[in-house]
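Please read the structure below before turning to the comments.
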Number of protein chains: 2
Amino acid sequence: MKERTVTIYDISEKAGVSIATVSRVLNNSSNVSDNTRKKVMAAIKETGYTPNAFARGLGLNTMKTIGILTADSSDLYLAKAIYYFEEELRANGYDSLLCCTGYELKDKKAAIDLLISKKVDGIIFVGSHFVYPDAADNKYIINASEKVPVMLLNAEVEGDNIYCVSSDDHDSVYRATRKLVESGFKDILYVYNSTSYSARRKESGFRDAMKDAGVDISNTQLRYFNGSNEDVHGMSAMLEDVEASGFKFNAVVASDDTLALSAVKYAQSKGYNIPDDFSVIGYNNSMLTACCDPEITSIDNKVETLCKHLTSILMGVLSGEEMPRKTVFKGEIVEKGTTSLKKD
Amino acid sequence: MKERTVTIYDISEKAGVSIATVSRVLNNSSNVSDNTRKKVMAAIKETGYTPNAFARGLGLNTMKTIGILTADSSDLYLAKAIYYFEEELRANGYDSLLCCTGYELKDKKAAIDLLISKKVDGIIFVGSHFVYPDAADNKYIINASEKVPVMLLNAEVEGDNIYCVSSDDHDSVYRATRKLVESGFKDILYVYNSTSYSARRKESGFRDAMKDAGVDISNTQLRYFNGSNEDVHGMSAMLEDVEASGFKFNAVVASDDTLALSAVKYAQSKGYNIPDDFSVIGYNNSMLTACCDPEITSIDNKVETLCKHLTSILMGVLSGEEMPRKTVFKGEIVEKGTTSLKKD
DNA sequence: ATGTTTACTGAAAGCGGTTACAAAGCTGAT
DNA sequence: ATCAGCTTTGTAACCGCTTTCAGTAAACAT
């Protein structure tokens, strides 16, 4: 280990050809005779040479790498998205430079600078934590889009070089909530654990649904859980607190399956009969929905579809095609055991 | 978008200095007067210049990037590990190039070549799927280690430039199993969903424990679940099948919390009283353990500790220090509601 | 005024590739 | 034999940055 690394010059010397020829073989470009090709190949095999991607990148000004930005790669949903992106990108000959930024704006900015300096060919913002309510705060995304195509999963920002693929969160929660009301559950608690763009969309879906269903809501019945999304205990405690504070609810709509799961545990500890006396609807339709009994009715926002579609749009952009700036998919309410919703 | 990118020459021209000076400012090296520094800074700010990391990397022959290899980044445990690695590496000024290889050997090899051509400063193999029972199959890891330091999480391979950090899986399962037997549960079903290195260690921990406890075991009581680790239903079906095949068990030791969770669901559906008549021990102590009632006793293998330690070893190696080739941490049996183990 | 330091700054080489352009080697047609 | 036209190969410029080495200017000592 640690001998001087083999370069294209070593290969050219060993094979008795010029570096240009070696380069041609490497990029299996046309116009190399079988004979020389073989000699070069042999030299490469013999030395275990691997081309230096920097040097190549310097010349070509592309490294075939896409930056993937996420707040927290260990989140169940985001991890799935990252997985699909990585898979799709690789299939298209691109690599993934992963940056977990956390939730601080300045860290996000730093991560973007870094990705740009590494000359990524595009940046995918995974998850809606990157988009702020105040448009001015989203300037940093626009800035990034001036250097490189920007893809947003589950978020929306207007821009020349920005492409958004998202699930219609507002619509999904809206439909779920209305169905719940129509099925006789009016005392609904809405719980959420994020204030991201899509979280805000979900919340407004809930509010609009309640309004259109003619049910007045109070602020006590929307509850923000400000803790780790693995903290099932903390979530249950929050539900206890809501009850203690005087709001008696018989249904929970959650922005996330974790919260839904803690709602199921809460309801069961209170002796409620699910789904007859108590309903729960989660979000993401993750494996967590299968982790309790009854299993949780949840909204499937089709993360695989979203990711594949987003990647294909990015590939189109990179090859210079005109691509849609905004693509929205409908979510699906997957009914399992925690609801008995009125059929349409 | 798409104007010619700003280079160090543009800055030097704008600031009226040479590119060397700009470079010095960029690397805040010594010997630049405040005055020129200010001029350069201003030019940088004005143009929004970001240095080209290729060019820098070409010269320095390092890109401050670590390759992270994993079979499946969406796995709960692996995703956590990746998260910690990314965090620690970033804190040390390194980036993470993520490659999800899947489970095919040739894909793993291809991924490694790619990482090496991108001149990563090191490679972290996340998870034990990379190590095969037959040493000859692990040659590809040795090969990689000839070019770049190789770090193995939860696996072991001998080699000059290979560093292993792992949890003592054998010991953890051994202790858990023995405790279970000592607590009166002898008809234990061992279920696993992987044949990776650490999975094999866990299994031998179970076998040794049973042997040392003087309990004969049959092959029917070790069951491999060959399906997605999100398929809770499939797992439950497998348990039904074990029962149907004639082995009556009153305890389950699982190589993974998912399997443990399905065991809890199974036991509850059969009307068993947990933990008095039926015990379950999981592995990883993930959030899944809190997703059922009673919560699952599980082995915590301290992934955060492992990852941080591994990263610090890698940093040591990269700065030329002598570092331990093999570090093993003990796991911890975290007792919750699915067991009532005899106290020591 | 002159010699010596010290503090900055610039010119140029080099990192390892790609590629435009030129040159050389063959082929077959004249 | 000569030449056009093709294929194959080599030369050298260039990508954007770091860094060595040399040079200039200012500051200080004599």
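Sequence lines set the chain letters: A, B, ... in the order given, protein chains first and strands last, and positions in each chain run from 1.
- The shortest non-hydrogen separation linking A:D121 to A:K64 is OD2-N, 2.9 Å.
- Using a 4.5 Å heavy-atom cutoff, the side chains of A:T21 and A:S12 are not in contact.
- When each of B:A20 and B:L58 is assigned the nucleotide of DNA chain C bearing its nearest heavy atom, the one mapping closer to the 5' terminus is B:A20.
- Remark: B:E321 CD is packed, more than 12 non-hydrogen atoms of other residues, nucleotides or ligands lying under 6.0 Å away.
- Using a 4.0 Å heavy-atom distance criterion, A:V17 is classed as a sugar-phosphate-only contact.
- Applying the 4.0 Å criterion to OP1 and OP2 of D:dT9, one finds that A:T36 has a side-chain N or O inside that range.
- When distances run from any side-chain atom of B:I19 to the nucleotides C:dG16, C:dA12, D:dT11, the shortest one goes to C:dA12.
- Between B:I11 atom CD1 and D:dT18 atom P there is a gap of 12 Å when expressed in whole angstrom units.
- The side chain of A:N52 approaches C:dG16 more closely than any other nucleotide in the set C:dT18, C:dG16, D:dT20.
- Rounded to an integer number of Å, the gap from B:R56 CZ to D:dC15 P is 19 Å.
- Nucleic acid contact for A:V22: none, since no nucleic acid atom lies under 4.0 Å from a heavy atom of the residue.
- Residue B:Y9 places no side-chain N or O under 4.0 Å from the OP1 or OP2 atom of D:dC14.
- At least one donor-acceptor pair under 3.5 Å links the side chain of A:N154 to the backbone N or O of A:S167.
- Here B:T21 does not reach the OP1 or OP2 of C:dT9: none of its side-chain N or O atoms lies under 4.0 Å away.
- Remark on the helix from C:dA1-D:dT30 to C:dT30-D:dA1: inter-end axis angle 60°, axes from five-pair C1' superpositions, rounded to 10°.
- Contact annotation: A:N27 reaches the phosphate of C:dT18 (side-chain N/O to OP1 or OP2, under 4.0 Å).
- Of the candidate nucleotides C:dG17, D:dC17, C:dG10, D:dC17 has the atom lying nearest to any side-chain atom of B:A55.
- Here A:H129 and A:Y197 keep their ring centres 6.0 angstrom or further from each other.
- A:R24 places its CZ atom 8 Å from the C1' atom of C:dT19, with the value rounded to the nearest Å.
- Remark: B:S33 is in phosphate contact with C:dT9, judged by side-chain N or O atoms under 4.0 Å from OP1 or OP2.
- More than 12 heavy atoms of other residues, nucleotides or ligands shown are found within 6.0 angstrom of NZ on B:K302.
- No side-chain donor from either of B:N35 and B:S33 sits under 3.5 Å from a side-chain acceptor of the other.
- One can place CZ of B:F54 at 13 Å from P of C:dT18, the figure rounded to the nearest angstrom.
- Note on B:S18: a side-chain N or O is less than 4.0 Å away from OP1 or OP2 of C:dG10.
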